Structures are given as C-alpha cells and as structure tokens.
Student: 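Please see the structure below; I have some questions.
Please read all numbers here as calculations on a predicted model, not as lab measurements.
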Amino acid sequence: MQNNVKYLRKCHLFTELSDLQLTEIAKLVRDRSYKRGSFVFLEDDPGKALYILKQGQIKLTKRTEDGREHILHFVHPGEVFAEVVLFDSGNYPATAEVQKDAIIGTVRNTDMERLIIDNPEIALSMLNIMARRLRIAQEKVMNLALNDVRKRLVFTLLEMSAQHGVQKGENVVITLSLTNQELASMVGTSRETANRIISELKKKGILDINRQQIIIKDRKQLRTLL
C-alpha cells in the first residue's frame, strides 16, 4: 500500500491530492508484469483503465493516415498514462508498447468512478491538473503545425531535457534509449532529415547523441534556434 502511495505521489495527475486521498486511490491499484515487445493496449481499443508505470519503459505511438508511426511520448517510472479515458470511457487514442520489461499498476475506470462519487474533491483536483496537461499537449500540436523541421526538433529536445534531463556539470543528459528514426518520428520527419539536423547541431557543439543518451552541451544556444 505504501509503495502505491509513493508512486501515486510522483504522478502528475495526482500532484494536488492529499495523503489521505492518495491512500484511497492506492487501494484500487492492481499490478501486472509485461515483457518487452508486448502491448498494454492498442490504439482504438476500449478505454477501461489508467496506468501507472512502476518499472520499465513504455512507448506511446499513433498511426498517421498513411500508416507511419508517430511517437507521442516515452513513459518512465512514476508516470501515469492513458488517463484521458478516465472520465469519458472512450477508446485509447494511442498504442502503448513495452520498451523495457515493465511492472504496471492498473486503476480501472469503474473503480475510480465509484471513489470519485464518494469523494468529489478528488475529481476537482485531478481536473485542474489535466487542464494544465492539455495546455502542454496544445503546445505540442502548435509546434508540429507551425514550425519547420529544425524548430520542431529543437522544441522536442528542449522538452525532453526539461522532463527527463539530468544536470551533469554544464551538460544536460537525457537518458533515453532512442534511435534517430524514433527521434525523427517524434517530430514528424524522415530519418535522413533528422540525421542532417543532428549533425549540424553536433558540429556547432550544441549536443551529442548516441543510442543510450542525448547530451545537450549548450542549452542556451539550443533555445536561440527556436
């Protein structure tokens, strides 16, 4: 129970909830193990639960009309995902694929609905947080719609550094296991175009990148490229 409270406290969706409220939600969590390469759910499957990643890594993707995969987000331990189906019980808007063997806590919609009916203040706190996350999602959409590829890539790198970066001296290290193709998919471009822009940023001494991590050497200069 205490472990579930600890994980819930790290989740964006529950940051404004009290310890007592978190304890009530923690009672609903059911854990399940997933192997690398398996799927938690597929795009357009009926949305039945929200998930808390306790261990491992999840990739959230969406298929474009021409069949290409667009990477929306990499989920790391402590993050909630699929919370969008919590209140409307619609279909999952994306596919959740397990990148590293995972332990995932599940909170079923039906269980959460019963809890919220008895504790409406929980719903109010969660709606405030979801509104903020909606604004972040809108920023991503605007980035894809209005910016050229270079700016989209820079925006994505800065966003990843804010969410997953660790300061090491003057560098910011993003420990994501990403291929250049996956990075290209995140900004809606080809691998060749992404490689060219990455090479330019490397030559300018702004970043270094390999399969294990992305190192931003000059975040200030990177920001000037927006």
Student: Does D45 use its side chain to pair, donor to acceptor, with the backbone of L42 at less than 3.5 Å?
Tutor: yes

Student: Between the side chains of R150 and E200, is the shortest nitrogen-to-carboxylate-oxygen separation below 4.0 Å, so that they form an ion pair?
Tutor: yes

Student: May I ask you to say whether R9 pairs ionically with D19, meaning some side-chain N is under 4.0 Å from a carboxylate O?
Tutor: yes

Student: Looking at E182 and K59, is there a salt bridge between them, counting it only when a charged N and a carboxylate O are closer than 4.0 Å?
Tutor: yes

Student: Do you see a donor-acceptor pair shorter than 3.5 Å between the side chains of N195 and N180?
Tutor: yes

Student: Would you check, one step at a time, whether the test side chain to side chain contact (heavy atoms under 4.5 Å, CB included) holds for Q21 with N119?
Tutor: CA-CA 9 Å; Q21 291 170 331; N119 302 271; 6.0 Å; no

Student: Of the non-hydrogen atoms in V29 and G105, which two are nearest, and what is the gap between them?
Tutor: CG1-CA, 3.7 Å

Student: A quick test of your reading: do over 12 heavy atoms of other residues, nucleotides or ligands sit less than 6.0 Å from CD of E170?
Tutor: no

Student: Tell me, yes or no, whether the heavy-atom count around K62 atom NZ, taken from other residues, nucleotides or ligands under 6.0 Å, exceeds 12.
Tutor: yes

Student: Could you go step by step and tell me if L207 and I215 meet the side chain to side chain contact (heavy atoms under 4.5 Å, CB included) rule?
Tutor: CA-CA 5 Å; L207 65 77; I215 302 172; over 6 Å; no

Student: To the nearest 0.5 Å, tell me how far Q55 CD sits from Y34 OH.
Tutor: 14.0 Å

Student: How far does NZ of K100 sit from CZ of F74, to the nearest 0.5 angstrom?
Tutor: 10.5 Å

Student: Write down the atom of D111, the atom of R114, and the distance for their closest heavy-atom approach.
Tutor: OD1-NH2, 2.5 Å

Student: Any side-chain heavy-atom pair from L225 and L201 closer than 4.5 angstrom?
Tutor: yes

Student: For the atom pair CG (L183) and CG (L153), what is the distance rounded to the nearest 0.5 Å?
Tutor: 5.0 Å

Student: Taking side chain as C-beta onward, heavy atoms only, is N91 less than 4.5 Å from V85?
Tutor: no

Student: Is the shortest heavy-atom distance from the side chain of T61 to the side chain of H70 under 4.5 Å?
Tutor: no

Student: Can you say whether the rings of F81 and Y51 are parallel (under 30°), tilted (30 to 60°) or perpendicular (over 60°)?
Tutor: parallel

Student: State plainly whether the residues K151 and D148 are in salt-bridge range, i.e. N to O under 4.0 Å.
Tutor: no

Student: Can a donor-acceptor pair be found, under 3.5 Å and without considering hydrogens, that links the side chain of R152 to the backbone of G188?
Tutor: yes

Student: Side chain of R30, backbone of T106: donor and acceptor closer than 3.5 Å?
Tutor: no

Student: Within the 3.5 Å criterion, strictly below it, is a donor on K54 or N3 matched to an acceptor on the partner's side chain?
Tutor: no

Student: CD1/I206 to CZ/R223 distance, rounded to the nearest 0.5 angstrom?
Tutor: 13.0 Å

Student: So do the side chains of N4 and I52 get within less than 4.5 Å of each other, counting heavy atoms only?
Tutor: no

Student: Between L28 and L115, is any pair of side-chain heavy atoms under 4.5 Å apart?
Tutor: yes

Student: Less than 4.5 Å apart, any side-chain heavy atom of R32 and any of I104?
Tutor: no

Student: Between the side chain of E79 and the main-chain N/O of H76, is any donor-acceptor distance below 3.5 Å?
Tutor: yes

Student: Okay, side chain of N109, backbone of G47: is any donor-acceptor separation there less than 3.5 Å?
Tutor: yes

Student: To check you understand the geometry: which heavy-atom pair defines the closest contact between I122 and L17, and what is its length?
Tutor: O-CD2, 4.0 Å

Student: Keeping the roles fixed (side chain from T95, backbone from E43), state whether a donor-acceptor pair exists under 3.5 Å.
Tutor: yes

Student: Dump the intermediate steps for side chain to side chain contact (heavy atoms under 4.5 Å, CB included) on V98 and I58, then the final yes or no.
Tutor: CA-CA 5 Å; V98 179; I58 303 296; 3.8 Å; yes

Student: Given 3.5 Å as the limit, does a donor-acceptor pair link the side chain of Y92 with the main chain of K48, or not?
Tutor: yes

Student: I want to check something: taking the side chain as every heavy atom from C-beta on, are I197 and V154 in contact at a cut-off of under 4.5 Å?
Tutor: no

Student: Do R219 and S161 have side-chain atoms, one donor and one acceptor, less than 3.5 Å apart?
Tutor: yes

Student: Please report the closest heavy-atom contact between A26 and V5, naming both atoms and the distance.
Tutor: CB-CG2, 3.8 Å

Student: Side chain to side chain contact (heavy atoms under 4.5 Å, CB included) for M112 and I25? Distances and angles first, verdict last.
Tutor: CA-CA 8 Å; M112 195 68 188; I25 298 175; 3.7 Å; yes

Student: Step through the shown structure and confirm whether more than 12 heavy atoms of other residues, nucleotides or ligands are within 6.0 Å of CZ on R196.
Tutor: yes

Student: Closer than 3.5 angstrom, by distance alone: can the side chain of T64 be matched with the main-chain N or O of R68 as a donor-acceptor pair?
Tutor: yes

Student: Could you tell me whether the side chain of D101 and the main chain of K35 form a donor-acceptor pair under 3.5 Å?
Tutor: no

Student: Considering all heavy atoms of both residues, which atom of A102 and which atom of L53 are nearest to each other, and what is their separation?
Tutor: CB-CD1, 3.9 Å

Student: Return the minimal non-hydrogen interatomic distance between S33 and I103, and the atom names on each side.
Tutor: OG-CG1, 4.1 Å

Student: Atom CE of M186 and atom CD of Q181: how far apart are they, to the nearest 0.5 Å?
Tutor: 12.5 Å

Student: In this structure, would I214 and V173 fall into the same cluster of hydrophobic residues linked by side-chain contacts under 4.5 Å?
Tutor: no

Student: Calculate, to the nearest 0.5 Å, the distance between atoms CG and CD1 belonging to L222 and I216 respectively.
Tutor: 5.5 Å

